[in-house]
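Every chain is numbered from 1 and lettered A, B, ... according to where its sequence line falls, protein lines coming before strand lines.
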2 protein chains.
Amino acid sequence: MGAGMEDSDLGNDDTDTSGPDVEVRTLADLARVAGVSAGTVSRALAGKSLVNAETRERIQALARQYGFRPNQMASKLRSRRTGVIGVVIPLGHEKRQQISDPFFLTLLGHLADQLTEAGYDLMLSRAIPDGTPDWLERITGSGMVDGVLLIGQSDQSEVIDQVVSHYRPLVAWGNHREGQKHIVVGTDNELGGRLAAEHLIACGARRLAFFGDTGGIEIATRLRGARAAAEAAGLHITHVPIKLADAEMGPQLEAAFAAPDADYDGIVTASDLIAMSALHVLHEMGRKIPGDVQIVGFDDLPLARLTSPPLTTVRQEIGQGAKVMVEKIRALIEGETRISKVMPPTLIVRETTRS
Amino acid sequence: MGAGMEDSDLGNDDTDTSGPDVEVRTLADLARVAGVSAGTVSRALAGKSLVNAETRERIQALARQYGFRPNQMASKLRSRRTGVIGVVIPLGHEKRQQISDPFFLTLLGHLADQLTEAGYDLMLSRAIPDGTPDWLERITGSGMVDGVLLIGQSDQSEVIDQVVSHYRPLVAWGNHREGQKHIVVGTDNELGGRLAAEHLIACGARRLAFFGDTGGIEIATRLRGARAAAEAAGLHITHVPIKLADAEMGPQLEAAFAAPDADYDGIVTASDLIAMSALHVLHEMGRKIPGDVQIVGFDDLPLARLTSPPLTTVRQEIGQGAKVMVEKIRALIEGETRISKVMPPTLIVRETTRS
DNA sequence: GCAGATACTGCAAACGTTTGTACGTCAGCC
DNA sequence: GGCTGACGTACAAACGTTTGCAGTATCTGC
């Protein structure tokens, strides 16, 4: 009608200094207000030196004033860089459809910190591996992330290798295995298992058990290390596959201790969580710790020092691990090639062993 | 140390599936292969009924065969819908630049589950509030998310209200306050604090303390509830502002107990984490629990049942809370209007009180 | 056999940026 | 004074989708 909204006359730069009377949603809008072209606005906001310093600051001030922020989707589409790292937690061998392991959650927290620091956003996905590479490719192939961080490999090492053959920027937390294609940051789980078992043996334990479900390769490797230590000492170690599901853990443990030849005096656990649960069950059974039974955890969660007695455990350098993962993924994105890093765990002796 | 592999050239993997001889990266590419137009391919992959069922399946098969996935950025740009929910954790009143509270982490885990279920992706941001709305608007205004979930309000209630006045789809976890504009899902913290204190009093405690930093509104409200209960019984409750930083908590607590008139016999804590730490410190000091001192936690983390003695605590329905938050944000995105939901907490009596 | 409905499909215009190239101006230099 | 280069800006072509609209067969009923 009469009142056309083609407000293209930019001669009247009179009163619109303070009031965002006209909505500015796009670069073009802001360009009109500033009396320059959209391209210049784009460069100005990106802080490029190509544009006159004075103009740049004027435009930035204008953007602030109008509360303008460039549309990220458009930006990402055009620049073919998302600034987003996908973090995926494979729910692999755990039945429970839920992210619950405090270790992974803690690692996630650290990753969030490191990624933010590095200027990346973090896109979180939980995935349920199904044998095909699809659960992973749904993320790598989405075009939504510049790279992928995998929190744990579960039992999907082959699948991951397969994906990595055509998708480079991927780093996993977990266990390094010879011949594996994908890059891994993790703890030397075999050494960890060994340290735990050796310590127990040195403290006089003879009837050993390993508590943990070996569906994931990390845990399996820990068992291997523990078993090696046991055998070196001429001892047997019983494997008890406790699963990491909050609700079931108590009953599982009770059943384990009720078994006929279950009078263990030294227990290596696959995680602090299991250790804490075991501690609790043993308390209820009236067993003295470390008098009757000694226990070693794995992870050294912040909580490990709060149990009573405080938990002897194998420490994984989780903050450091997150840092390394982020470093590696960044390098990978830059096109560099990288190698895996396995970090040695440390035995933290507290009071659930007789040291 | 690290073992690794330099597997740099990966171009020669042409032995895989049945003949992706021509690379298909875009809709147009696939359209060419299928002998249709790009638009049709788009519709076919979206499963629209507009395209012939047979054609649709042929195209989908082709897409699978060539491993084609539409570029999300382009899709999101065009359709103006991202399918992403931003989850932001304000690091507000905690000095420590790190996501560490297990409660928030657990809530995050549940949110991840619920959002995935609902078909949304989750973009995680940690933010450091700075008094201006900028830390939040950086996310709401980015055009990258369809909605925002806030894990805790910290002390930013006003700022959040301000943002909500022009950005609708936002739901916060936290404390509901009369007159507040933004939608909140959370626990009745005042009631929680009251339940805890009343229970202690009923169990014979007379020298009460509240352990927790009241920088965040949630905690302040819990203290208010506890104080109300104390006053109703004619008792005084001492506020000890313990901060939630892993490393410092021990020393803080020791200092608190070393204070001249610190012979508390009943402690309400602002979180299970503080309670667990206090339990530990008290153990070390040789105090009997619940004989000498009784303690009530807050949250009912899965770990609360594992302490020794098992922790009496005020339970927040965190899984339920996550579910409600996701429901509300979805409704908000659909354009509906919503109201806050405050859920009643439950007192879980275990063994750190004499019941 | 024909009008009109029906069922698909193609065309092309967005979506809002970024960025290579071209253009214009101005200073410095011989 | 013209040439060279530096500097700053405008122009327009992507980026890869989705989707309204128009077009073309095929079908239906009379």
Side-chain angles (χ1 to χ4, degrees), chain A residues 8 10 22-60 62-63 66-84 119 121 140-146, chain B residues 22-60 62-63 66-84 121 138 140-146:
Chain A
S8 53
L10 38 98
V22 48
E23 199 194 359
V24 19
R25 271 184 332 100
T26 73
L27 279 186
D29 291 344
L30 191 56
R32 204 172 309 121
V33 173
V36 295
S37 79
T40 301
V41 175
S42 171
R43 282 186 256 256
L45 292 182
K48 292 260 174 67
S49 58
L50 281 160
V51 349
N52 186 305
E54 192 185 329
T55 321
R56 192 191 328 148
E57 272 158 35
R58 188 165 56 85
I59 292 176
Q60 286 176 348
L62 240 28
Y66 284 93
F68 170 76
R69 275 168 226 276
N71 180 301
Q72 298 278 19
M73 289 308 156
S75 165
K76 291 173 194 307
L77 171 60
R78 172 58 224 235
S79 57
R80 323 183 102 249
R81 175 187 181 284
T82 69
V84 178
D121 285 314
T140 60
S142 71
M144 270 221 298
V145 298
D146 289 342
Chain B
V22 48
E23 198 192 1
V24 20
R25 272 184 331 98
T26 73
L27 279 187
D29 292 344
L30 191 56
R32 206 171 307 118
V33 173
V36 296
S37 79
T40 301
V41 175
S42 172
R43 284 185 259 253
L45 294 182
K48 292 261 175 65
S49 59
L50 281 160
V51 350
N52 186 306
E54 191 185 330
T55 321
R56 193 192 328 147
E57 271 158 36
R58 188 165 56 85
I59 292 177
Q60 286 176 346
L62 240 28
Y66 284 92
F68 170 76
R69 275 168 225 276
N71 180 304
Q72 299 277 22
M73 289 308 156
S75 164
K76 292 173 194 307
L77 170 60
R78 173 59 224 235
S79 58
R80 319 177 111 261
R81 175 187 181 282
T82 68
V84 178
D121 285 313
R138 214 186 48 239
T140 59
S142 70
M144 266 216 304
V145 297
D146 289 342

Tell me whether the OP1 or OP2 atom of [N] has a side-chain N or O from [X] closer than 4.0 Å.
{"X": "B:Ser79", "N": "D:dT18", "result": "no"}
{"X": "B:Arg80", "N": "C:dG16", "result": "yes"}
{"X": "A:Lys48", "N": "C:dT19", "result": "yes"}
{"X": "A:Thr26", "N": "C:dG16", "result": "no"}
{"X": "A:Ser37", "N": "D:dA10", "result": "yes"}

Rounded off to whole Å, could you give me the [atom1]-to-[atom2] distance for the [X] and [N] pair?
{"X": "B:Gln72", "N": "D:dT18", "atom1": "CD", "atom2": "P", "result": "9 Å"}
{"X": "A:Leu30", "N": "C:dT17", "atom1": "CG", "atom2": "C1'", "result": "13 Å"}
{"X": "B:Leu77", "N": "D:dT19", "atom1": "CG", "atom2": "P", "result": "12 Å"}
{"X": "B:Asn52", "N": "C:dT6", "atom1": "CG", "atom2": "P", "result": "18 Å"}
{"X": "A:Arg58", "N": "D:dG8", "atom1": "CZ", "atom2": "P", "result": "14 Å"}
{"X": "A:Asn71", "N": "D:dT17", "atom1": "CG", "atom2": "C1'", "result": "14 Å"}
{"X": "A:Lys76", "N": "D:dT17", "atom1": "NZ", "atom2": "C1'", "result": "17 Å"}
{"X": "B:Arg81", "N": "C:dC15", "atom1": "CZ", "atom2": "C1'", "result": "16 Å"}

4.5 Å side-chain heavy-atom contact, [X] and [Y]:
{"X": "B:Met73", "Y": "A:Thr82", "answer": "yes"}
{"X": "A:Phe68", "Y": "A:Leu27", "answer": "yes"}
{"X": "A:Lys76", "Y": "A:Met144", "answer": "no"}
{"X": "A:Asp146", "Y": "A:Val84", "answer": "no"}
{"X": "A:Thr55", "Y": "A:Ile59", "answer": "yes"}

Note to self: Looking at the base of D:dG20, is there any donor atom on it, or on the side chain of B:Arg43, that sits under 3.5 Å from an acceptor on the other one?
What the structure shows: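 A donor-acceptor contact between them is present.
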Next item on the list: Report yes or no: is there a donor-acceptor pair, N or O only, under 3.5 Å between the side chain of B:Arg78 and the base of D:dT17?
Entry: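 Answer is no: no donor-acceptor pair is held.
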Next item on the list: Remember a base hit wins even if backbone is also touched, and classify A:Ser42 as base, sugar-phosphate or nothing at under 4.0 Å, heavy atoms.
Entry: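 Base, at least one base atom sits under 4.0 Å.
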Margin query: Regarding A:Arg25, tell me which of base, sugar-phosphate or nothing describes its non-hydrogen contacts under 4.0 Å with the strands shown.
Written below: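 Since only primed, P, OP1 and OP2 atoms lie under 4.0 Å of A:Arg25, the category is sugar-phosphate.
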Item checked: Side chain of A:Thr40 - closest among D:dA10, C:dT17, D:dT18 ->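 Of the options given, the side chain of A:Thr40 lies nearest D:dA10.
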Margin query: Can you identify which nucleotide, out of C:dT17, C:dG10, D:dT17, has its nearest atom closest to the A:Leu27 side chain?
Written below: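 Between C:dT17, C:dG10, D:dT17, the one nearest the side chain of A:Leu27 would be C:dT17.
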